[in-house]
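Excluded from the calculations below are hydrogen atoms, water molecules and symmetry mates; all remaining heavy atoms, backbone and side chain alike, are included.
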Amino acid sequence: MRKFIVTILALSAMLSALVVAAQERPEDIWPKANDAYSLGEWKRALELYESIENKGVVSERLYYNMGNTHYKLGDNARAILYYERALKLNPANKDAANNIKIAQIHTLDKIEVLPEFVLVTWVRNMRDSLSSNSWAVAGLVLLVAVLVLLLLYRFAGSMGFRKFSFVAAILAFLLMAGAFAFSWSMRNNATDNSYAIVVSAVSNIKSSPDANGNNLFILHNGTKVEVLENVGRWMKIELADGRQGWIDSSTVEII
């Protein structure tokens, strides 16, 4: 009887703790998670970070910290996954980009990336130099500049100054359009679900969406893939080197 009572009390205490945790606000959990991380209590820190994520309050900082915590725990694949999620929200996060390179050193699959047209790389790097919000703010500032320059053009006294104002307004308009285009592109990228990370130790890539399909090659955890198509529990994927095949969706997690 005594053991039964002790068990009931222990279960009640656990239930009470779960209820309190569920009622805690993310802003109250955040410092506790950071403190646990600072003290080297990686599992505790991850539990707290995950509780914030489960509440739907996600951010670049949260994903970055979760990536660091998974790395400390030796889960290289999920470290890469969360660094990628941080970059998805803010491609300008250099710490996340650098940490991905460090984590990728430990991956078994070394995928050779197909060469890309230099102009595409240049434009993407320029876009990723700022966050989506920063580009949006830059676009608004340039919009104001366009309006001011048009007013100067309208009321300028000399012909030379009117010409200068008109040309400057056109340039500011083009820059404004580029800034808004970058902001829109990055917002779309933040909601894009076409990339995933292999999280299983070993995954067989099939020739068809069928467990009985021929094995084309093997992927290991931490490898990034592009998702082209979904058929039931199978995903058609493509690697950075152009190889394609079908993978069981349970072995990957969408970025």
Side-chain angles (χ1 to χ4, degrees), residues 17-18 21-22 24 26 29-113 189-205 217-227 230 233-235 237-241 243 245-255:
L18 290 173
E24 273 191 303
I29 303 173
W30 181 257
K32 295 179 182 179
N34 291 339
D35 288 343
Y37 183 89
S38 299
L39 293 171
E41 299 173 357
W42 317 125
K43 289 184 178 180
R44 174 62 177 161
L46 184 59
E47 289 173 358
L48 292 168
Y49 286 136
E50 287 177 340
S51 69
I52 297 175
E53 182 185 28
N54 292 336
K55 291 177 184 293
V57 184
V58 298
S59 66
E60 165 201 350
R61 289 175 60 202
L62 175 65
Y63 286 151
Y64 176 72
N65 285 6
M66 292 181 74
N68 288 339
T69 309
H70 277 295
Y71 187 80
K72 292 290 187 181
L73 288 168
D75 191 343
N76 199 58
R78 284 186 172 78
I80 294 174
L81 173 67
Y82 278 95
Y83 289 142
E84 288 281 4
R85 287 177 175 174
L87 285 174
K88 190 175 177 180
L89 296 181
N90 180 17
N93 189 326
K94 294 182 180 180
D95 290 332
N98 290 333
N99 285 2
I100 282 180
K101 293 178 182 178
I102 294 172
Q104 286 175 337
I105 294 174
H106 305 291
T107 59
L108 295 177
D109 300 322
K110 307 302 178 184
I111 311 298
E112 184 178 352
V113 180
N189 183 63
T191 58
D192 181 24
N193 293 322
S194 60
Y195 287 90
I197 300 295
V198 178
V199 293
S200 291
V202 178
S203 298
N204 290 314
I205 309 305
F217 50 91
I218 292 175
L219 292 180
H220 301 86
N221 57 351
T223 301
K224 184 178 181 179
V225 299
E226 182 178 2
V227 180
N230 288 276
R233 67 184 182 91
W234 295 91
M235 289 180 175
I237 61 166
E238 182 175 62
L239 301 181
D241 60 8
R243 285 182 293 169
W246 293 87
I247 191 171
D248 190 325
S249 59
S250 65
T251 66
V252 301
E253 284 196 33
I254 297 295
I255 295 173

Closest non-hydrogen atoms of I105 and K110, given as atom of the first, atom of the second and distance, are O-NZ, 3.1 Å

Exercise for the section: Report the C-alpha distance between E24 and K55 in whole Å, list the side-chain angles of each, state the deciding distance to 0.1 Å, and finish with yes or no for salt bridge (Lys or Arg N to Asp or Glu O under 4.0 Å). Expected result: CA-CA 10 Å; E24 273 191 303; K55 291 177 184 293; over 6 Å; no

Closest non-hydrogen atoms of V57 and P26, given as atom of the first, atom of the second and distance, are CG2-CG, 3.6 Å

Exercise. Looking at side-chain heavy atoms only, is the closest gap between Y71 and H106 below 4.5 Å?
Worked result: yes

(Q) Could you check whether any side-chain heavy atom of L48 comes within less than 4.5 Å of a side-chain heavy atom of R44, counting everything from C-beta outward? (A) yes

Can you list the steps and then say if K224 with I255 is a side-chain contact (heavy atoms from CB on, under 4.5 Å)?
-> CA-CA 9 Å; K224 184 178 181 179; I255 295 173; 3.9 Å; yes

- Task: Applying side-chain contact (heavy atoms from CB on, under 4.5 Å), run through Y195 and I254 and close with a yes or a no.
- Result: CA-CA 6 Å; Y195 287 90; I254 297 295; over 6 Å; no

Validation row: R78, E253 side chains within 4.5 angstrom (heavy atoms)
yes

Contacts of W42 meeting ring pair (Phe, Tyr, Trp, His ring centres under 6.0 Å) (sequence neighbours excluded), chain-then-number -> Y37

Heavy-atom side-chain proximity of V252 to I197 below 4.5 angstrom: no

So CD1 of I29 and CD of E53: to nearest 0.5 Å the spacing works out to 12.0 Å

Quick one, M235 and T251 - any side-chain contact, counting heavy atoms below 4.5 Å? no

### Query
Are T107 and D109 linked by a side-chain donor-acceptor pair shorter than 3.5 Å?
no

Nearest heavy-atom contact between A79 and H70 is N-CB, 3.7 Å

- Determine whether L239 and V225 make a side-chain contact, defined as any pair of heavy atoms from C-beta on separated by less than 4.5 Å. yes

TODO: Would you check if N204 and I218 make a side-chain contact, meaning some heavy-atom pair closer than 4.5 Å?
DONE: yes

Correct closest heavy-atom pair for I205 and G245 would be CG2-CA, 3.5 Å

Rounded to the nearest 0.5 angstrom, the CD-CD1 distance for E47 and I52 is 12.5 Å

Taken to the nearest 0.5 Å, the spacing of M66 CE from S59 OG works out to 10.5 Å

Problem set entry | Heavy-atom donor-acceptor pair, S249 side chain to R233 backbone, under 3.5 Å | yes

Rounded to the nearest 0.5 angstrom, the CD-NZ distance for E41 and K32 is 13.0 Å

To the nearest 0.5 Å, atom CG of L219 lies from atom CG of N221 at 10.5 Å

Look at atom CZ of R61 and say whether more than 12 heavy atoms of other residues, nucleotides or ligands are closer to it than 6.0 Å.
-> no

Taken to the nearest 0.5 Å, the spacing of E84 CD from I100 CD1 works out to 3.5 Å

Decide yes or no for L46 and K72: does some side-chain heavy atom of the first lie under 4.5 Å from some side-chain heavy atom of the second?
no

Of all heavy-atom pairs linking Y64 and A96, the shortest is CE1-N, 3.7 Å

Closest non-hydrogen atoms of A45 and A33, given as atom of the first, atom of the second and distance, are CB-O, 3.6 Å

**D192 backbone acceptor or donor facing K88 side chain under 3.5 Å** = yes

Aromatic ring pairing Y82/Y63, orientation class (parallel under 30°, perpendicular over 60°, tilted between): tilted

Only one of T69, N65, N68 passes side chain to side chain donor-acceptor pair (under 3.5 Å) with Y49, and that residue is N65

